[in-house]
Number of protein chains: 2
Amino acid sequence: MKEIPLLNNGSVSKPDLAKYEQKFKALADQQRLQIINILAVKESVCVCDLTPIIDMPQSKLSYHLKILLEADLIKKEKQGTWNYYSLNVSELKGLLSDQLCCVFLPSCC
Amino acid sequence: MKEIPLLNNGSVSKPDLAKYEQKFKALADQQRLQIINILAVKESVCVCDLTPIIDMPQSKLSYHLKILLEADLIKKEKQGTWNYYSLNVSELKGLLSDQLCCVFLPSCC
DNA sequence: TCCTAACATCAAAATTATTTGATGTAATTT
DNA sequence: AAATTACATCAAATAATTTTGATGTTAGGA
C-alpha cells in the first residue's frame with residue numbers, strides 16, 4: 001500500500017453528477033444521436049415526419065423523444081394535432097465541444 | 001399526414017455514431033464521472049489509491065476503469081506492480097464543452 | 001521459494017434500459 | 001357523430017449493463 005491520499009471525493013456535487021449522468025445517458029444511444037442530428041438539419045419536426053425517416057415504430061420513437069426531452073436536450077411544442085420537436089441548442093452547446101457541435105448540430109459550422 | 005420530407009438520414013456516418021455512443025455511454029454514469037473528476041484533481045493515480053477514496057470494491061472499480069479506458073477517455077500506464085491511470089485530456093476536450101471541462105476537469109479553469 | 005499486494009478477469013445474480021404491440025386520448029375531418 | 005390521424009402511455013418480453021464474490025496473474029518483498 002502506498003501513501004494514503006488526503007480525502008477528496010472530487011469537487012462535483014452529487015445532484016450535479018446525477019444531472020450530467022442523465023444528460024449523457026440521453027446522448028449515449030445511436031438512435032437518439034441520429035434524432036438529434038436530424039432535428040439539427042430540419043429545425044422543427046413532428047413525430048409523423050420523423051417515423052418515415054428513421055424507420056422505427058412510432059411508440060419507440062416516442063420513447064426516445066421522451067428521454068431526450070427529460071434530459072432537456074430537446075423541446076416540444078404542441079400545435080393542434082401535431083407535436084413539434086426541436087433542439088435545445090443552448091443546452092447542447094453547454095454540453096458538447098465545438099467539434100461535436102459541428103458533428104451533431106451541423107448548423108453550427 | 002403532412003408533406004413527406006426528402007429523405008435525409010442525418011449526416012453522421014454509422015461508425016461515427018457508434019463511436020460517440022460508446023464515449024457518451026462511458027460518461028453516462030455518476031461513478032465514472034466521479035472517477036474522471038478525481039483523476040483531474042490528482043493527475044495520475046493507481047487503483048489502490050482510488051479504492052479508499054471512492055468506496056467501491058476493487059473489481060467494480062476495475063470494471064469502470066476499463067469502460068473509460070475502452071472509450072479512450074483515460075490512459076493506463078504500468079509501473080511495476082502498480083497501474084497508473086490518468087485522463088486523456090485531449091480526447092475529453094474534444095468531447096466536452098468548455099463549461100463542462102470546467103466542471104469535470106477543474107485544472108482547465 | 002513462499003507470501004503478499006495490486007491488480008484483472010470471470011461467471012452468476014441483480015438491476016436497468018429498450019423494444020414491442022396494444023390501448024388510450026385528443027384534435028381534426030367527413 | 002363517427003372515423004381517422006397523431007401522438008402518448010402501458011405492460012410484458014427482451015436485452016444490455018452493473019454488481020458481487022471468487023479466482024487468476026504478475027511483481028516485489030521476506
What is the distance, to the nearest angstrom, from the [atom1] atom on [X] to the [atom2] atom on [N]?
{"X": "Leu50(A)", "N": "dA8(D)", "atom1": "CG", "atom2": "P", "value": "11 Å"}
{"X": "Trp82(A)", "N": "dT29(C)", "atom1": "CH2", "atom2": "C1'", "value": "11 Å"}
{"X": "Gln22(B)", "N": "dA16(D)", "atom1": "CD", "atom2": "C1'", "value": "15 Å"}
{"X": "Gln30(B)", "N": "dT17(D)", "atom1": "CD", "atom2": "C1'", "value": "15 Å"}
{"X": "Lys25(B)", "N": "dA15(D)", "atom1": "NZ", "atom2": "P", "value": "15 Å"}
{"X": "Tyr84(A)", "N": "dA8(D)", "atom1": "OH", "atom2": "P", "value": "13 Å"}

Report yes if at least one side-chain N or O of [X] is closer than 4.0 Å to OP1 or OP2 of [N]; otherwise report no.
{"X": "Asn83(B)", "N": "dA6(C)", "value": "no"}
{"X": "Lys76(B)", "N": "dC7(C)", "value": "no"}
{"X": "Tyr85(B)", "N": "dA6(C)", "value": "no"}

Beyond-backbone contact of [X] with [Y], side-chain heavy atoms, under 4.5 angstrom:
{"X": "Leu17(B)", "Y": "Phe104(A)", "value": "yes"}
{"X": "Tyr20(A)", "Y": "Leu100(B)", "value": "yes"}
{"X": "Leu27(A)", "Y": "Leu95(A)", "value": "yes"}

Distance, nearest 0.5 Å, that separates CG of Asn88(B) from CD1 of Ile74(B): 9.5 Å
Starting from Ile54(B), can I reach Tyr63(B) by hopping between I/L/V/M/F/W/Y residues whose side chains sit under 4.5 Å apart?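 Not linked; separate clusters.
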Joint cluster assignment, Leu73(A) & Leu69(A), ILVMFWY side-chain distance < 4.5 Å: yes
Qualifying residue for side-chain contact (heavy atoms from CB on, under 4.5 Å) with Tyr84(A), from Gln79(A), Lys75(A), Lys76(A), Glu43(A):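 Passing option: Gln79(A).
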Nucleotide nearest Arg32(A) (side chain, heavy atoms from C-beta), chosen from dT18(C), dT18(D), dC7(D):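 That would be dT18(C).
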Give the nucleotide from the list dT19(D), dA8(D), dT18(C) with an atom nearest to the side chain of Asp29(A).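 Per side-chain heavy atoms of Asp29(A), the pick is dT18(C).
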When you compare the side chains of Lys60(A) and Gln31(A), does any donor N or O come within less than 3.5 Å of an acceptor on the partner?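 The criterion, which ignores hydrogens and geometry beyond distance, is satisfied for Gln31(A) and Lys60(A).
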Should the SG of Cys101(A) and the SG of Cys109(A) be checked, would they turn out to be under 2.5 Å apart?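 Taking the criterion (SG atoms under 2.5 Å apart), Cys109(A) and Cys101(A) fail it, so no.
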Any residue of residues 55-67 of chain A with a heavy atom less than 4.0 Å from an atom of DNA chain D: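 Listed by number, they are Gln58(A), Ser59(A), Ser62(A), Lys66(A).
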For nucleotides 25-30 of chain D, give me one character per nucleotide, 5' to 3': B if any protein heavy atom sits under 4.0 Å from the base, S if the only such contacts are to the sugar-phosphate, - if neither. --SS--
